[in-house]
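In listed order, ligands and their atoms are each counted from 1.
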Amino acid sequence: MHTYTGPTYEMAIKQFDIAADYLNLNQEARERVRVPKRAMIVSVPTRMDDGRVVMFAGFRVQHNLSLGPCKGGLRYSPDVDLGEVAALAMWMSWKCALVGLPYGGAKGGICCDPSTMSRGEVERMTRRFTQEIVPMIGPEIDIMAPDMGTNEQTMAWIMDTYSMQVGHTVPGIVTGKPVTIGGSLGRVEATGRGVFYCVQEALQLLDIPIEGLRIAVQGFGNVGGTCAALFHAAGAKVIAVSDVRSGVVHHDGLDVYELRRHVEKTGVVAGFDQADPISNEELLTLECDVLVPAAIERQITEANAGKLRCRILAEGANGPTTPEADAIINENGIFIIPDVLCNAGGVIVSYFEWVQDLQNYFWTESEVNSRLRDIITRAFQAVYQLHTREHISMRLAALAVGVRKVAEAKTLRGLFP
Ligand code: NAD
């Protein structure tokens with residue numbers, strides 16, 4: 001029987017095996033690095049507004065403890081399960097190691113649909129989940145952050161619940177919390193900003209100017225919304241965006257600021273009067289310069305990979321491209337900025353937030369952004385150099401750097417972590 005299952009987990013394992021083969025990892029290192037170190041499944045009894053008690057399933061997976069505390073987001077989604085969380089934890093391990101952060105990878109999730117729950121219901125569920133996993137978290141053990149369906153407010157509730165438990169305020173228990181209670185300036189925008197910095201590096205290499213660049217973005221939440229706004233501000237044309245329901249397209253470029261106001265008011269991109277409707281599937285195959293999948297996993301598959309008409313694929317989401325699709329995209333000469341590199345801005349600034357909390361010394365937004373740029377562009381260049389030197393794909397180069405570091409740490413330390 002396998003503990004971790006499902007298509008997203010299988011995809012993460014397939015990617016790992018390709019990297020392990022390339023690195024020639026021996027059997028022992030392979031087995032130790034492949035499997036998550038530990039996981040917790042909890043039932044989260046939550047009192048709903050109508051008086052019923054609903055049991056939500058919650059998960060936390062810690063993939064690797066060899067490089068420092070675990071770090072990773074918390075996802076609220078109706079589809080989340082143990083296998084998906086384990087895959088996301090694994091990707092966090094490679095990502096942290098790739099960009100040189102002193103963390104192992106982790107991820108959490110609660111199987112729920114926050115869009116159908118009241119604020120009070122989400123708060124009670126969040127606090128109870130935190131209470132249930134207290135033995136597994138701590139500022140030196142495992143630090144959570146926002147992911148799909150969670151935000152700054154979720155992190156504030158987690159921090160408060162944990163602090164009540166230990167009897168004093170512990171800001172370092174989560175990152176991505178509001179600035180007023182120890183959050184970092186620049187954290188909300190960090191992932192989208194990191195995507196923007198990575199694309200700028202790629203544009204320079206491919207000699208493509210940013211003015212007039214055509215961009216399509218799947219997912220208009222934290223990551224997709226921020227990166228669309230940054231491209232818009234830089235003079236690029238954001239020609240299409242979408243959310244879980246549908247999308248909008250305007251070939252002369254959308255007014256992203258107006259669109260954000262529309263989404264704030266209505267909750268969806270549909271109905272924006274300065275654009276035409278488009279489906280998620282159509283958006284992915286639009287002719288454009290840069291395609292940014294910034295929603296969920298496995299959106300680009302064997303079925304649609306051959307129809308992509310972008311020059312650069314910048315993966316804002318985790319795991320948007322399956323290994324089968326990867327091969328097709330590489331063959332077609334599309335430049336891929338793989339997820340573990342492209343969306344690493346979030347965890348980089350989360351690391352800054354954790355450091356600021358531990359020192360009680362806070363940085364300016366421009367310090368945060370310039371240090372983010374330093375780290376992510378250095379990682380981009382390292383991956384690009386390996387890609388050109390060894391004639392391997394950008395994804396394999398990124399995974400190889402991350403997996404190698406985790407394997408080395410395990411070998412150096414011994415069997416404990
Ligand atoms: P979010 O909840 O803020 O936004 C998600 C967006 O995707 C929303 O617009 C939603 O409507 C849309 N969406 C959801 N399901 C969809 C579907 N089936 N088809 C099309 N659109 C869909 O989430 P986010 O924080 O922006 O995260 C997006 C992705 O980025 C996830 O893969 C997440 O793991 C990854 N990521 C997030 C961060 C972060 O700091 N928030 C960091 C690294 C990676």
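Ring-plane geometry between Y257 and H232 is classed as perpendicular, the angle between the planes exceeding 60 degrees on a 0 to 90 degree scale with a lower cut at 30.
With a 6.0 Å radius and a threshold of 12 heavy atoms from other residues, nucleotides or ligands, R311 has its CZ atom at or below the threshold.
We find that K71 and D142 are not joined by a salt bridge, their nearest charged nitrogen and carboxylate oxygen being 4.0 Å or further apart. Using a 4.0 Å cut-off between charged side-chain N and carboxylate O, R245 and D243 make no salt bridge.
By heavy-atom distance, the residue among S242, S77, G224, G221 lying nearest atom 8 (C) of ligand 1 is G221. For the residues N343, I296, D243, the heavy atom positioned nearest atom 21 (N) of ligand 1 is part of D243. With distances taken over non-hydrogen atoms, the option nearest atom 22 (C) of ligand 1 out of N318, V244, V263, L284 is V244. Among G225, A145, G316, the residue whose heavy atom lies nearest to atom 30 (O) of ligand 1 is G316.
Residue G219 has no N or O atom closer than 3.5 Å to an N or O atom of ligand 1. In terms of polar-atom proximity, defined here as any N/O pair under 3.5 Å, K107 makes no such contact with ligand 1. Ligand 1 has a nitrogen or oxygen under 3.5 angstrom from a nitrogen or oxygen of R75. Not one N or O of A317 is nearer than 3.5 Å to an N or O of ligand 1, by distance alone. No N or O atom of L88 sits closer than 3.5 Å to an N or O atom of ligand 1. Inclusion of T191 in the set of residues having an N or O under 3.5 Å from an N or O of ligand 1 is warranted.
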### Task
Please test Q153 against E123 for side chain to side chain contact (heavy atoms under 4.5 Å, CB included), starting from the C-alpha separation and ending with a verdict.
CA-CA 9 Å; Q153 179 60 72; E123 175 175 358; over 6 Å; no
### Task
Begin from the C-alpha positions of L254 and Q274 and carry the test side chain to side chain contact (heavy atoms under 4.5 Å, CB included) through to its verdict.
CA-CA 7 Å; L254 297 157; Q274 300 168 23; 6.0 Å; no
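For the ligand labelled ligand 1, residue R245 lies outside the 4.0 Å heavy-atom shell. Residue contacts with ligand 1: R187 is included, with a non-hydrogen atom under 4.0 Å away.
The residue A190 has no part lying near ligand 1, judged by heavy-atom distances below 4.0 Å.
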